[in-house]
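By convention in this document, chain letters (A, B, ...) are assigned in the order of the sequence lines, proteins followed by strands, and residues within each chain are numbered from 1.
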Amino acid sequence: VKTAPHETLLRQLEAHLQEELGAQERLRSLLADQEPALAEGRAPDVVACAARFEAELALARPRTERRRILLAALERAWRMEPGALDLGRIVERAGEDGARLARQRTELRRSVADVQRRARRCARAAAGQSAVLSQALELLVGARAGSDADPSGCLVDREA
Amino acid sequence: VGLSTEIGLRSLLAARAGLETVGHNLANVNTPGYSRQSLVASSAAPIRLRGLLQGTGVSIGLVRRTVDALLQARIAAQSTSVGRAEGKLSLLEGLQAAYAGPGGVPQLLQGFFGSLSALSTSPGEAALHANVVQSGRALADQVRELRAQSAGLAEDALDEMRGHVDQVNLLAQELVDLNRRIGSLEHGGSPANDQRDRRDQALVELARLVDVQVAEDERGAVRVQIGGRLLVGSDQAWELGLSVSGDGKSFQFHVGGSSQIAALAGGKLGGLAAALAGGLPDASQQLDAWARALILEVNRVHSTGVSAQGPFTRLVGSNALQDVDGDGDWHDVLLSGAGLPFEVQSGELFVNVTELASGELERHRISIDASTTSVGAFLDALNAVNALSAHVDGQGRLHLTAAAGFGFDFSSRLDEHPDEAGTFGGTRASLATYAAGPFGVASGDTLQLNGPAGPISVTFPAGAFAQNGQASAQELAAALNADAGFSAGGLVALAVPSSGANRLVIQTQAAGVAASVTVTGGSALAGLGWSAGAGAAGSAAAVDVKLSGSYAGTTSARLVFRAMEDGVVGGAASLLVRAFDESGKQVGEFDLGAGYQPGSSVEVAPGVKASFGAGALSAASGDFFQLDLVGDSDTTDALVALGLNGFLAGIDAQTIDVDARLQAAPELLAVGLSGDGADAANVLRLLQLDVQGSDELSGLTLGEGYGELVGIIALEVQSESAALDAEQFLLESLQGQREQISGVNQDEELVRMIEHEQAFAAAAQYLRVVNEISGELMNIL
């Protein structure tokens with residue numbers, strides 16, 4: 001039985017989405033680890049998470065490229081303008097063949113939205129921490145360079 | 001959005017708290033006792049949102065100080081050891097500086113001997129006498145000054161201790177304040193890190209001053225005990241007090257006004273207390289002992305010398321005798337137990353009495369038994385000396401006075417004319433018994449003689465002898481001289497000392513070759529050891545024994561020289577003279593016959609030379625003379641103990657000084673042994689003290705004795721210094737460990753901040769990429 005070209009492409013797209021779901025799950029897990037490390041200022045944990053991010057993002061780029069190729073192939077199969085397809089239209093055009101894709105799309109929307117929400121929170125925390133530290137460093141390093149304070153020091157009562 | 005903002009705010013607050021902590025650490029990077037602090041943060045409690053548990057960011061837990069309590073306790077204990085060594089060393093170093101400083105006792109001692117050396121070459125020079133007295137004063141002044149400095153050091157140490165006690169009380173009060181603040185803060189749930197750091201630091205400062213036992217109670221308050229007494233409670237301090245005795249020689253510590261003594265062994269207070277109780281008194285005692293040895297040795301020599309002014313006519317002791325039972329009777333007070341500052345020992349004291357006009361010397365030996373001789377017996381013995389009287393005044397001082405025309409001294413000088421009686425070849429005819437008494441003569445016995453005026457017969461009268469058959473030479477001489485015929489016959493009888501007793505000598509009153517005496521018979525002949533016909537003839541020239549030099553022996557000796565042959569000195573073929581000691585043992589022999597040049601010197605004893613004139617000697621006439629050789633004229637130390645003719649007054653380092661009599665009249669310095677202004681024999685004896693070991697200093701010389709004293713102090717300083725180095729090293733090592741654990745490293749803190757900043761910046765960058773990728777994905781969903 002000879003399969004129509006768009007049907008093959010739809011199966012490939014299902015596999016790709018399944019892979020993307022897995023990647024989003026890993027990002028969620030990463031962000032879940034990153035968030036407290038950032039909030040608590042645990043720099044070593046933040047650095048460790050960054051390394052995992054780097055590996056994950058390295059995988060994301062070829063995945064995005066494969067998705068673009070798949071969508072372009074479907075557009076050619078369905079004689080559509082380039083960039084006209086999104087996952088909603090693909091599910092509509094696929095009809096009964098798109099049932100699985102529809103489930104995957106819903107699941108992926110929820111997952112990506114969660115990742116985006118977490119990433120925004122983390123980004124805000126990281127930027128805030130970084131800004132405060134930059135400011136403090138500027139103050140401290142500047143003050144130390146031109147300091148003529150008594151080197152013997154004095155006990156500073158932080159409660160006071 | 002609200003939750004997101006709150007999470008971001010919490011995060012920023014956490015970062016700010018962390019930064020404050022880092023800033024606090026950096027501000028206290030050089031603060032002693034500060035412990036590095038760190039922020040303890042944790043995840044904030046999640047909330048349920050749209051059916052999901054949603055994280056709410058970070059919450060700040062507490063600011064914790066990094067400290068090792070055990071290490072802190074070890075630092076406090078080690079500070080106690082360091083403090084103790086510091087306290088002890090500070091006092092010992094002061095002592096060493098005083099005792100071994102330049103221009104001190106060793107130099108002045110050498111200066112004193114140097115002045116004696118100069119005087120020895122010109123003993124008659126008055127300026128040099130004054131110089132010796134002056135250098136002696138400088139030495140004595142320095143010794144007294146040194147002793148006073150020791151006392152001053154003790155006073156300084158007590159002042160320092162008072163200062164430390166004040167510090168202890170201030171720290172104790174501060175600890176109580178800190179206990180209260182820590183309790184208050186921690187009870188309210190706030191950390192009291194800085195207060196705890198300060199309290200730890202105060203405890204280390206306290207431990208440096210005194211050994212402490214510290215315990216922390218369940219409320220976080222420390223209780224501090226010192227010397228077994230509570231100094232600091234949870235909310236009260238008790239005052240440490242130092243009470244010093246009126247004389248400043250003893251002290252005690254009390255806590256809280258209690259009468260019970262707090263025994264402080266460690267810290268600076270413990271170290272100073274140990275040095276005050278041990279090292280300082282030891283050094284003072286040793287200096288006292290050394291000064292005492294100096295006084296004793298110098299006075300032993302000086303008291304037996306004679307000044308250029310000649311023998312004394314009057315002398316008063318400077319040390320007082322005590323009539324211990326107060327009954328006014330000196331016969332029941334032992335001389336050795338009469339409270340004299342120096343010990344009187346068993347031995348002999350020689351007293352010389354000189355007839356000032358003729359220079360004739362009479363030497364007396366007084367034996368003293370330390371266990372039996374009373375002050376009264378000693379006075380009796382002195383009063384028994386011809387032309388000398390002795391008494392003790394109301395202040396207990398001994399007065400010695402010579403009869404008019406006489407002088408006395410205690411020197412060991414030679415009697416330059418030992419044959420005053422002319423029994424050894426004098427110009428008068430002289431017949432001596434061959435042995436010393438007692439003699440087997442009794443009342444009623446007779447003696448017939450041929451004298452210059454013809455035959456003489458003497459009958460010894462009843463009562464002439466205390467014990468018939470045991471007649472002494474003195475009794476026989478007295479009986480013969482009392483006989484009118486004997487004296488009228490041109491004869492005289494003498495009792496002449498010989499080996500501890502006396503021989504009877506019968507001499508003609510006239511001298512010259514015509515003078516002769518012969519015993520011809522009588523019942524007393526046998527008892528006297530003579531045989532009929534024994535006799536002697538006078539001579540135109542006397543043998544005239546003259547002595548020179550000084551006796552080099554250390555022990556006193558009495559020698560009897562006897563002519564063993566008859567003949568003229570320098571003329572007879574052989575004219576042997578033999579020397580016998582007191583036991584009768586021959587100890588020497590020399591020939592005054594043809595080989596001897598009359599007037600030349602013959603060594604008759606170590607250091608003693610004798611010359612003999614060209615007179616005639618006769619063994620048959622019993623020619624002899626006695627020579628007293630005195631090694632040490634006062635083996636009893638009675639002169640030093642009584643303070644008679646001493647150079648130094650005083651009894652120890654506190655009282656030593658040059659005798660006031662010499663300060664007023666330096667010419668009274670006992671430079672010689674004879675009273676001759678050119679005689680420097682006693683100065684030479686004094687000079688010997690520079691190199692001669694002293695029994696009082698275990699055989700060391702005076703210089704060595706002082707050197708040992710300084711050496712002991714130096715050894716203690718060295719030992720304490722080494723101990724301090726070791727303790728200090730250990731303390732620094734512990735402090736180094738503390739720095740690693742609790743210290744703040746400014747660079748590390750900054751590096752830590754930079755790392756944090758970079759990590760957060762990198763995270764922000766990745767998250768931006770995540771957002772971009774997620775956004776692109778969301779666009780196609």
Of the backbone (N, CA, C, O) and the side chain (C-beta and beyond), which part of Arg89(A) lies under 4.5 Å from a heavy atom of chain B, both, or neither? neither

Using non-hydrogen atoms only, which part of Leu71(A) is less than 4.5 Å away from chain B: side chain, backbone, both, or neither? side chain

Please classify the contact between Arg63(A) and chain B as side chain, backbone, both or neither, with a heavy-atom cut-off of under 4.5 Å. neither

Does any N or O in the side chain of Asn179(B) come within less than 3.5 Å of the main-chain N or O of Asp235(B), such that one atom is a donor and the other an acceptor? no

Turns out that what part of Ala32(A) lies under 4.5 Å from chain B's heavy atoms comes down to neither

Report which part of Ala123(A) has an atom under 4.5 Å of a heavy atom belonging to chain B: side chain, backbone, both, or neither. both

Heavy-atom count around Arg219(B) CZ within 6.0 Å, excluding the residue itself: above 12? no

Is Ser184(B) reaching over with its side chain to a backbone N or O of Arg180(B), donor-acceptor style, under 3.5 angstrom? no

Among Val770(B), Val769(B), Leu777(B), residue most engaged with chain A (heavy-atom pairs, under 4.5 Å): Leu777(B)

Just wondering, are more than 12 heavy atoms of other shown residues or ligands nearer than 6.0 Å to CZ in Arg100(A)? yes

Taking side chain as everything from C-beta outward and backbone as N, CA, C, O, which of these in Glu54(A) sits under 4.5 Å from a heavy atom of chain B? Side chain, backbone, both or neither. both

Please look at Leu27(A) and chain B and tell me whether the side chain, the backbone, both or neither of the residue comes under 4.5 angstrom of a heavy atom of that chain. side chain

Short side-chain to backbone donor-acceptor contact, Thr80(B) and Ala207(B), under 3.5 Å: yes

With salt bridge (Lys or Arg N to Asp or Glu O under 4.0 Å) as the test, would you mind laying out the steps for Glu776(B) and Arg68(A) before giving the verdict? CA-CA 11 Å; Glu776(B) 190 180 331; Arg68(A) 282 180 189 154; 2.8 Å; yes

May I ask you to name which of Val47(A), Leu85(A), Val112(A) has the most heavy-atom pairs under 4.5 Å with chain B? Val112(A)

Given side chain to side chain donor-acceptor pair (under 3.5 Å), test His164(B) with Gln167(B) step by step and report yes or no. CA-CA 5 Å; His164(B) 290 333; Gln167(B) 272 183 282; 3.3 Å; yes

Candidate pair Gln104(A) and Gln18(A), rule side chain to side chain donor-acceptor pair (under 3.5 Å), full reasoning: CA-CA 7 Å; Gln104(A) 283 179 319; Gln18(A) 198 56 44; 3.0 Å; yes

Contact winner vs chain A - Leu781(B), Ile773(B), Ile780(B), heavy-atom pairs under 4.5 Å: Leu781(B)

So what's closer than 4.5 Å to chain B heavy atoms on Arg52(A): side chain, backbone, both or neither? neither

Which atoms of Leu30(A) come close to chain B, meaning under 4.5 Å heavy atom to heavy atom: side chain ones, backbone ones, both, or neither? neither

